[in-house]
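Computed from heavy atoms alone, side chains included, the values below leave out hydrogens, waters and symmetry copies. Below, read A as the first sequence line, B as the second, and so on, with proteins coming before strands; counting in each chain starts at 1.
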Protein chains: 2
Amino acid sequence: MQSKKVVDALIRIAGRDGVLVTPEDLAAYSYDGTFAEGTPAAVVLPRSTEQTAGIVKIAAEHRVPLIARGMGSGLAAGSIPVRAGGIVVSFTRMNRIVEIDAANSTVRVEAGVVTADLQAEVEKRGLFYPPDPSSIRHSTIGGNIACNAGGPRCLKYGVTGNYVLGLEVVLADGRILQTGGKPIKDVTGYNLTALFTSSEGTLGLITGALLRLVARPRWAKTALCEFDSLHDASRAVNAVLAEGIVPASLELMDRTAIGCIEEAMHLGLNTDVEASLILETDGADEQTVMREAEAAGRVCLESGARSVKVARTEEERAGLWRARRSISPSLARKAPNKLGEDITVPRGAIPEVVRELREISARHGLPIVIFGHAGDGNLHPNILFDKRKVGEWEKVQRMVGEVFAAALAAGGTLSGEHGVGVLKRPYFERALGPVSVEVQRRIKQALDPLNILNPGKMFEDKE
Amino acid sequence: MQSKKVVDALIRIAGRDGVLVTPEDLAAYSYDGTFAEGTPAAVVLPRSTEQTAGIVKIAAEHRVPLIARGMGSGLAAGSIPVRAGGIVVSFTRMNRIVEIDAANSTVRVEAGVVTADLQAEVEKRGLFYPPDPSSIRHSTIGGNIACNAGGPRCLKYGVTGNYVLGLEVVLADGRILQTGGKPIKDVTGYNLTALFTSSEGTLGLITGALLRLVARPRWAKTALCEFDSLHDASRAVNAVLAEGIVPASLELMDRTAIGCIEEAMHLGLNTDVEASLILETDGADEQTVMREAEAAGRVCLESGARSVKVARTEEERAGLWRARRSISPSLARKAPNKLGEDITVPRGAIPEVVRELREISARHGLPIVIFGHAGDGNLHPNILFDKRKVGEWEKVQRMVGEVFAAALAAGGTLSGEHGVGVLKRPYFERALGPVSVEVQRRIKQALDPLNILNPGKMFEDKE
């Protein structure tokens with residue numbers, strides 16, 4: 001790469017203040033939410049789709065890797081430059097909410113909008129954007145789409161991809177593709193919107209999106225359901241859904257997770273239970289929401305819950321969600337480091353997979369905390385460790401391999417909402433099989449023949 | 001094509017009774033639900049994915065077009081052979097329900113299962129497969145997936161694609177691809193499941209599917225809401241959804257449609273209204289379902305409905321749905337022929353598009369009956385005509401062009417649930433733009449380099 005020439009060309013597109021090259025600046029864009037690191041050759045911050053198209057044309061001309069980046073909260077190292085000379089394209093300056101169309105319940109946004117900002121803005125108008133990854137305050141909608149992010153509410157409402165009606169994408173040759181539109185149903189041609197969603201920046205740079213909204217639920221009821229047996233908690237999840245009740249959320253926390261929360265926050269949780277479910281129903285009508293919560297609670301009791309406590313005040317409700325959200329930070333008190341995984345399994349396989357996770361933990365002598373979106377079969381096993389200890393990182397890597405093997409053996413897969421990125425690349429073919437990988441490579445080759453878009457991610461080995 | 005050689009090879013794969021070549025047999029596979037026709041060189045009826053793979057290998061070797069076919073109920077001529085020497089692959093012998101997994105709410109099926117059979121089978125176990133195209137009794141799940149079929153219930157439940165967890169696909173070189181799995185969430189790699197869904201047999205032959213099920217709703221309440229103004233009916237649709245009420249169905253019928261039904265069936269419908277909505281709520285809890293129906297009815301009255309009648313008995317309810325389903329057949333009393341379109345528009349644009357449709361009708365002097373899934377913005381304008389009259393077919397073609405132009409001008413598109421096939425091919429690039437078409441061509445080229453899978457459909461001109 002002729003670095004100076006490329007940087008000059010980028011400056012002509014994005015302006016001097018839109019191109020970062022000092023070592024301090026580059027360092028700030030060399031990591032994400034994982035342990036991975038990689039320093040880009042430059043960072044460019046476009047202000048428009050047209051500027052982004054110009055940037056891609058420069059990259060294509062000079063054969064320079066481009067790595068799309070939102071807020072860098074990714075948990076699979078998908079936005080880390082792994083090839084030399086890579087240019088990070090940061091979308092944080094493209095953070096406009098372009099249009100809220102109340103009549104059609106849609107919102108048009110630029111890729112760099114922070115998801116919580118988008119939610120707040122549409123909620124002011126009585127509308128609702130449901131997907132709620134825990135990174136919601138520090139992740140962008142573009143990143144959410146690139147990874148098809150989930151969250152607790154996705155049980156009832158579906159994941160990010162279920163809300164993407166259309167995309168604006170800069171292709172590998174700098175042309176601009178528009179997919180989809182405001183109609184809810186659309187079967188005109190291949191589903192390119194779904195193909196680019198969850199493509200992790202490897203097929204095109206997502207610069208804008210048209211999202212579907214729903215009416216903001218006016219009521220929510222939240223309950224804590226405590227179980228002496230994790231098996232019963234898991235049975236309860238299936239039993240609730242089999243009753244035709246679809247809670248907004250059905251979150252599982254195991255004993256270790258509950259212990260960590262209680263130790264950190266002193267909320268008065270029973271730490272002798274084996275598992276708890278946080279169950280939330282929501283909707284337009286208070287009575288209906290309450291009836292659903294009560295019915296779900298009854299099913300939990302019938303499935304062996306020791307107790308079901310419905311939050312009676314907004315404060316109690318907030319406390320339960322504070323507990324759920326504090327799991328991840330509270331783990332820091334237990335160990336200097338944690339590695340959070342994101343396996344997803346058939347709902348019915350949760351007890352068997354949890355048993356396997358415990359065996360892996362016991363075998364290697366490192367704690368695995370288990371929590372996640374049980375209604376979706378999406379678990380976040382967090383391995384606690386100390387990276388400074390000799391050999392511990394290698395041990396964690398072996399454990400991760402065993403965690404994935406357990407998920408695959410149960411009919412599950414590597415990721416429910418984080419994506420593949422770099423971290424799950426070694427397991428990709430084992431999860432999907434050689435035919436699927438080859439089909440994906442062909443699609444990649446067809447849309448990015450020069451391999452400049454986030455090379456080295458997903459199915460592709462590092463060079 | 002060396003016809004004899006190919007037929008002999010097909011017989012070696014599928015047996016003598018699995019290959020049809022007599023003119024009478026071929027004639028039976030030369031049409032679908034449209035006016036299009038095209039005679040295949042042979043029809044082959046595989047009994048397994050492996051046989052299908054063998055068939056594709058023969059076709060690849062001899063460069064013979066393969067046209068996947070379910071029950072031939074398609075409304076876009078997607079399963080009509082348009083290239084000489086084409087072989088129809090009929091999946092009607094692959095009609096097994098392989099596994100119903102109640103614990104995980106999934107069903108695994110072969111492509112040739114009739115969708116109504118699948119629904120009946122899972123409903124026996126308290127489960128529910130929601131998509132309900134009107135062809136449900138005479139269309140297959142494979143065809144439904146290939147076109148991403150919809151139906152009245154898709155407002156609340158989503159379309160076919162929302163229920164496809166995984167696919168078994170024979171690729172253009174005869175290899176077998178498995179996509180997805182039982183986990184509800186899965187972001188491991190590109191969304192190939194969504195790419196093959198709605199690809200109309202042009203990227204691979206779908207031989208099996210893993211589908212997501214939900215709990216069977218125990219209660220349903222149905223109401224007929226009559227309006228003096230179609231504009232008000234359309235406003236009511238938006239107002240109901242804005243209230244946070246999501247009915248299972250919100251079906252629109254215009255005055256002409258209501259007149260046709262009444263003339264054919266004498267149900268006692270008011271024929272002087274300008275539009276009616278059939279509104280249905282459903283769910284697990286009778287009170288909740290009733291409250292929702294009543295709330296939605298109230299919103300309709302507030303939006304200007306002349307009357308709202310909730311069906312009080314199962315018989316009344318069945319009557320309303322019989323009315324809705326009889327629109328299409330009842331049109332036969334009005335004119336010898338009809339051409340049903342399938343445009344989809346932003347919900348808020350329905351009044352404007354209906355006005356345009358009426359102008360098109362007036363301009364050309366042929367009736368256009370309007371009904372459809374108003375909650376989804378998916379309208380089925382049906383042009384009534386007499387094909388025997390000189391010049392009438394050409395006039396209908398011009399009208400169809402104007403219908404599509406009206407949909408596109410309103411931000412809509414060509415198809416909500418029928419697909420593109422042959423019939424909408426001339427409008428494809430106008431709807432999606434040249435960049436999208438080129439991206440789709442590249443994907444097609446990457447996955448079917450010999451162009452043997454349903455050539456001449458979607459974006460491709462007839463040779």
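Of the atoms belonging to A:Asn378, it is side-chain heavy atoms, and not backbone ones, that fall under 4.5 Å from chain B. Contacts between A:Val345 and chain B at a heavy-atom distance below 4.5 Å involve the backbone alone (N, CA, C, O). Contacts between A:Asn104 and chain B at a heavy-atom distance below 4.5 Å involve backbone atoms as well as side-chain atoms. Contact annotation for A:Asp101: neither backbone nor side-chain heavy atoms come within less than 4.5 Å of a heavy atom of chain B. Contact of B:Arg442 with chain A is made through backbone and side chain together, with heavy-atom distances under 4.5 Å. With a 4.5 Å cut-off on non-hydrogen atoms, A:Arg218 touches chain B through its side chain but not through its backbone. With a 4.5 angstrom heavy-atom cutoff, A:Arg175 touches chain B only via side-chain atoms. Interface residue B:Glu438: only side-chain heavy atoms are found under 4.5 Å from chain A. For A:Leu192, the part lying under 4.5 angstrom from a heavy atom of chain B is the side chain only. Residue A:His418 touches chain B through its backbone alone, counting heavy-atom pairs closer than 4.5 Å.
Judged purely by atom type and a 3.5 angstrom limit, B:Ser199 has no side-chain atom pairing as donor or acceptor with the backbone of A:Tyr190. A donor-acceptor pair is defined here as one N or O able to donate and one able to accept, closer than 3.5 Å; no such pair exists between the side chain of B:Thr188 and the backbone of A:Thr413.
Considering only heavy-atom pairs separated by less than 4.5 Å from chain A, the leading option among B:Asn191, B:Thr179, B:Leu171, B:Leu177 is B:Leu177. Counting heavy-atom pairs closer than 4.5 Å to chain A, the top residue among B:Gly348, B:Pro183, B:Ala215 is B:Pro183.
Under the 4.5 Å side-chain criterion, counting only non-hydrogen atoms from C-beta, B:Leu447 is in contact with A:Val439.
The distance from atom CG of A:Leu195 to atom CG of B:Leu195, rounded to the nearest 0.5 Å, is 5.5 Å.
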